Amino acid sequence: MIFDLHSHSNFSDGALSPQDLVVRAEERGVSVLAITDHDTIAGVEFAQKAGVIHGVTVIPGIEFSSQWGKAGVHIVGLGIDRSSPVLLNAIHAQEHSRRERSEAIGERLARAGFSGALHGARILAAGGSLGRPHFAQYLVNIGAVKNINAAFKKYLGTGKLADVKYQWPLMEQVVTWIHAAGGIAVLAHPAKYELTRMKLCALVDAFAMVGGDAVEVISGIQTGAITQDLAKIVNSRSLYASCGSDFHTPGQGWQELGSFGYLPENTKPVWDLLRL
Ligand code: MN
Ligand code: MN
Ligand code: MN
């Protein structure tokens, strides 16, 4: 059985509708798919309905942005109750944060001569969670840069002109929201924060301390060495292990639905905690 517990639809920065996401998951042999859009659950119901039709078990999920010290850290919530008032309030607050941040990014880009950036990014987000990838796509579309990578390198990445330092809610706050909604809190893609091993261990310790449940031991295609090392870190703290592609867009092979290998056998799979 293939479990893919991290994926995006066009309700945040993914390319596919929730329905098409589920169809692709089925084609790729995924039995259990979590839809985890950034700071929104708006696509969950569509994905669940498609899941019934296509024989894919869809786990209602979300990916929250949070703050750990100076680092922005992503926390995935799995198996959340979509009607939880705490969750709905939290999503509302995150929407506000995202709007503030995107306005700040828009201002910076306007000063650099891209006065249409905010408007353009909003159109691309089409009412979904607006994020930096939408600004990047806008810059590509108007021919300011060659591709998304170049947009981050030149304008949106760390230390660049439109890199707005934004204070997300604290990691412990986000874990509390997820638990209040009956969900499981998973530290997303720990290898992507570019931390030293010591800092990475400190992050996992801090996450466990605030009640975090699991860590993505696998995020998309990665080296076996990273997987083994993360498994070791997670096991020594009695945390559960999760895996997912972090799928956004077809054609990005390193984060394709269902293709990332299996959890190491000595780990405790997070799906033991999910009611399937
Ligand atoms: Mn994303
Ligand atoms: Mn993420
Ligand atoms: Mn993601």
Side-chain angles (χ1 to χ4, degrees), residues 3-18 21 24-25 30 33-44 47 58-68 71-78 80 91 94-95 97-98 101-102 105 121 124-126 128-138 140 147-149 151-152 156-158 166 168-169 171 174-175 178 183-195 200 203-204 207 212 214-222 226 230 242-252 254-260 270:
F3 291 77
D4 191 333
L5 301 180
H6 188 150
S7 70
H8 295 273
S9 79
N10 60 3
F11 278 86
S12 63
D13 56 351
L16 304 183
S17 68
L21 180 70
R24 193 174 181 89
V30 174
L33 174 76
I35 176 170
T36 57
D37 276 312
H38 294 285
D39 301 311
T40 180
I41 51 169
V44 168
V58 172
I59 305 286
I62 191 163
E63 180 174 18
F64 277 123
S65 296
S66 81
Q67 199 77 34
W68 177 65
V73 166
H74 289 178
I75 312 289
V76 162
L78 297 176
I80 45 172
I91 288 169
Q94 288 292 85
E95 262 171 30
S97 299
R98 277 186 175 271
R101 188 183 69 147
S102 53
I105 293 173
L124 289 169
S129 279
L130 178 56
R132 288 184 303 169
H134 300 113
F135 283 97
Q137 188 61 53
Y138 171 79
V140 174
N147 52 43
I148 300 276
N149 262 351
F152 274 86
L156 293 155
T158 308
Y166 197 81
W168 296 105
M171 188 166 69
V174 169
V175 170
I178 291 168
I184 290 149
V186 185
L187 178 62
H189 44 62
K192 282 190 194 150
Y193 306 121
E194 294 179 1
L195 303 170
L200 175 61
L203 168 61
V204 177
F207 181 67
V215 174
E216 284 182 356
V217 164
I218 301 181
S219 175
I221 305 270
Q222 62 187 31
I226 290 180
L230 288 172
S242 187
C243 58
S245 59
D246 202 3
F247 173 83
H248 282 74
T249 304
Q252 299 181 328
W254 66 95
Q255 40 181 211
E256 180 53 82
L257 286 167
S259 57
F260 41 75
V270 71

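From a predicted model like this one, the values you see are computed outputs, not experimental measurements. Numbering of ligands and ligand atoms starts at 1, following listing order. We use all heavy atoms of the structure for the numbers below, so side chains are in, but hydrogens, waters and symmetry mates are not.
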Sequence neighbours left out, what passes side chain to side chain donor-acceptor pair (under 3.5 Å) with [X]? Give chain and number order.
| X | value |
| --- | --- |
| H134 | none |
| R98 | D39 |
| E256 | R24 |

Provide the tally of protein N/O/S atoms nearer than 2.8 Å to the Mn ion (ligand 3).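 Step by step: take the Mn ion (ligand 3), keep protein N, O, S below 2.8 Å, and you get 4.
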Check the pair F3, I59 against side-chain contact (heavy atoms from CB on, under 4.5 Å), reporting the backbone distance first and the verdict last. CA-CA 10 Å; F3 291 77; I59 305 286; over 6 Å; no
Any chance the side chains of S245 and D4 put a donor and an acceptor closer than 3.5 Å?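 Indeed, the side chains of S245 and D4 share at least one donor-acceptor pair under 3.5 Å.
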What N, O or S atom of D13 is found closest to the Mn ion (ligand 1)?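 It is OD2 of D13.
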Atom pair OG1/CD of T40 and Q94 - distance to nearest 0.5 Å: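 T40 atom OG1 to Q94 atom CD measures 11.0 Å (nearest 0.5 Å).
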